[in-house]
Amino acid sequence: QVELVESGGGLVQVGGSMRLSCEASGSFASINVMGWYRQDPGKQRELVAAIISTGSTNYADSVKGRFTISRDNAKNTVYLQMNALKPEDTSVYYCNADLRKNNYDSNWYRYWGQGTQVTVSS
């Protein structure tokens, strides 16, 4: 079984910083893309940032220049450093990972974390 466990959410003031972490554990062969999404009640989950195994990154326009995604492949962990936080960053943040279960199955499977609440207060 594969599990993604997030940590680091909570309450922060406007302009503050916060770092989210997400570790993938369990049995799998490799991880390609790892990313962070966020979702507000009644809205679709939206991409915040993603990073592939080679280190290439992609960001939503709303967070460019403020958020930084990184990963530690040895620890199967992805991070999201969030700076200059705004009230509109308040959301539930989910990490995800596209991974191969084993070396005999060439499909990529997407797994999700349980979500962590980030609240930016003014």
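Position 1 is the first residue of the sequence; numbering continues from there.
- Annotation: side chain of Q81 is not in contact with side chain of L20 (no heavy-atom distance under 4.5 Å).
- The main-chain N or O of G115 is found under 3.5 Å from a side-chain atom of E6 such that the two form a donor-acceptor pair.
- Between the side chain of R66 and the backbone N or O of A84, at least one donor-acceptor pair lies under 3.5 Å.
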Open item on the list: Test side chain to side chain contact (heavy atoms under 4.5 Å, CB included) on V118 and M18; report intermediate values, then the result.
Closed with: CA-CA 9 Å; V118 172; M18 179 178 287; 3.9 Å; yes
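- Clustering of Ile, Leu, Val, Met, Phe, Trp and Tyr side chains at separations under 4.5 Å places V92 together with Y37, L47, Y94, W112.
- Between R38 and V63 there is a side-chain heavy-atom pair separated by less than 4.5 Å.
- Environment of CD in Q1: sparse, with no more than 12 heavy atoms of neighbouring residues, nucleotides or ligands closer than 6.0 Å.
- Considering every non-hydrogen atom in both Q39 and K43, the closest pair reads NE2-O, 3.0 Å.
- A salt bridge is defined here as a Lys NZ or Arg NE, NH1 or NH2 lying under 4.0 Å from an Asp or Glu carboxylate O, and K86 with D89 fails to meet this definition.
- Residues V33 and I51 do not share a hydrophobic cluster, clusters being chains of Ile/Leu/Val/Met/Phe/Trp/Tyr side chains in contact below 4.5 Å.
- A pairwise comparison of heavy atoms in L4 and A97 identifies CD1-N, 3.7 Å as the closest pair.
- Classification of K75 and E23 as a salt-bridged pair fails, no side-chain N sitting under 4.0 Å from a carboxylate O.
- Within the 4.5 Å cutoff, the side chain of F67 has no heavy atoms near those of the N83 side chain.
- Within the model, atoms CZ of R71 and OG1 of T57 stand 11.5 Å from one another, a figure rounded to the nearest 0.5 Å.
- Shown here is Q117, whose CD atom has more than 12 heavy atoms of other residues, nucleotides or ligands within 6.0 Å.
- We find the CH2-CD1 distance between W36 and I69 to be 8.0 Å, quoted to the nearest 0.5 Å.
- Looking at N102 and R100, their side chains never bring a donor and an acceptor atom within 3.5 Å of each other.
- Closest non-hydrogen pair, S53 versus N73, comes out as O-ND2, 3.4 Å.
- Counting heavy atoms of neighbouring residues, nucleotides and ligands inside a 6.0 Å radius, atom CG of N107 exceeds 12 of them.
- Taking the side chain as every heavy atom from C-beta outward, N76 and I31 approach each other to under 4.5 Å.
- For the residue pair S91 / D40, a side-chain donor-acceptor distance below 3.5 Å is found, with atom types taken as modelled.
- The ring-ring contact (aromatic ring centres under 6.0 Å, His included) test applied to Y79 returns no partner, not counting sequence neighbours.
- In this structure the side chain of N96 never reaches within 4.5 angstrom of the side chain of M34, judged on heavy atoms.
- With contacts defined as side-chain heavy-atom distances shorter than 4.5 Å, the pair I52/N32 qualifies.
- For the atom pair N103 CG and S30 OG, the distance stands at 7.0 Å (nearest 0.5 Å).
- L85 places none of its side-chain heavy atoms less than 4.5 Å from the side chain of V14.
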Open item on the list: Set out, in order, the CA-CA distance, both residues' side-chain angles and the distance that settles side chain to side chain contact (heavy atoms under 4.5 Å, CB included) for S70 and V78, then state yes or no.
Closed with: CA-CA 6 Å; S70 61; V78 62; over 6 Å; no
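- Connection of Y109 to F28 is established within a shared hydrophobic cluster, with ILVMFWY side chains joined at heavy-atom distances below 4.5 Å, either directly or through further cluster members.
- No side-chain heavy atom of C22 sits less than 4.5 Å from a side-chain heavy atom of Y93.
- The cluster map of Ile, Leu, Val, Met, Phe, Trp and Tyr, joined by side-chain heavy atoms under 4.5 Å apart, puts V5 and V2 in different clusters.
- Nearest heavy-atom pair, V12 versus S17, reported as atom, atom and distance to 0.1 Å: CG2-O, 3.7 Å.
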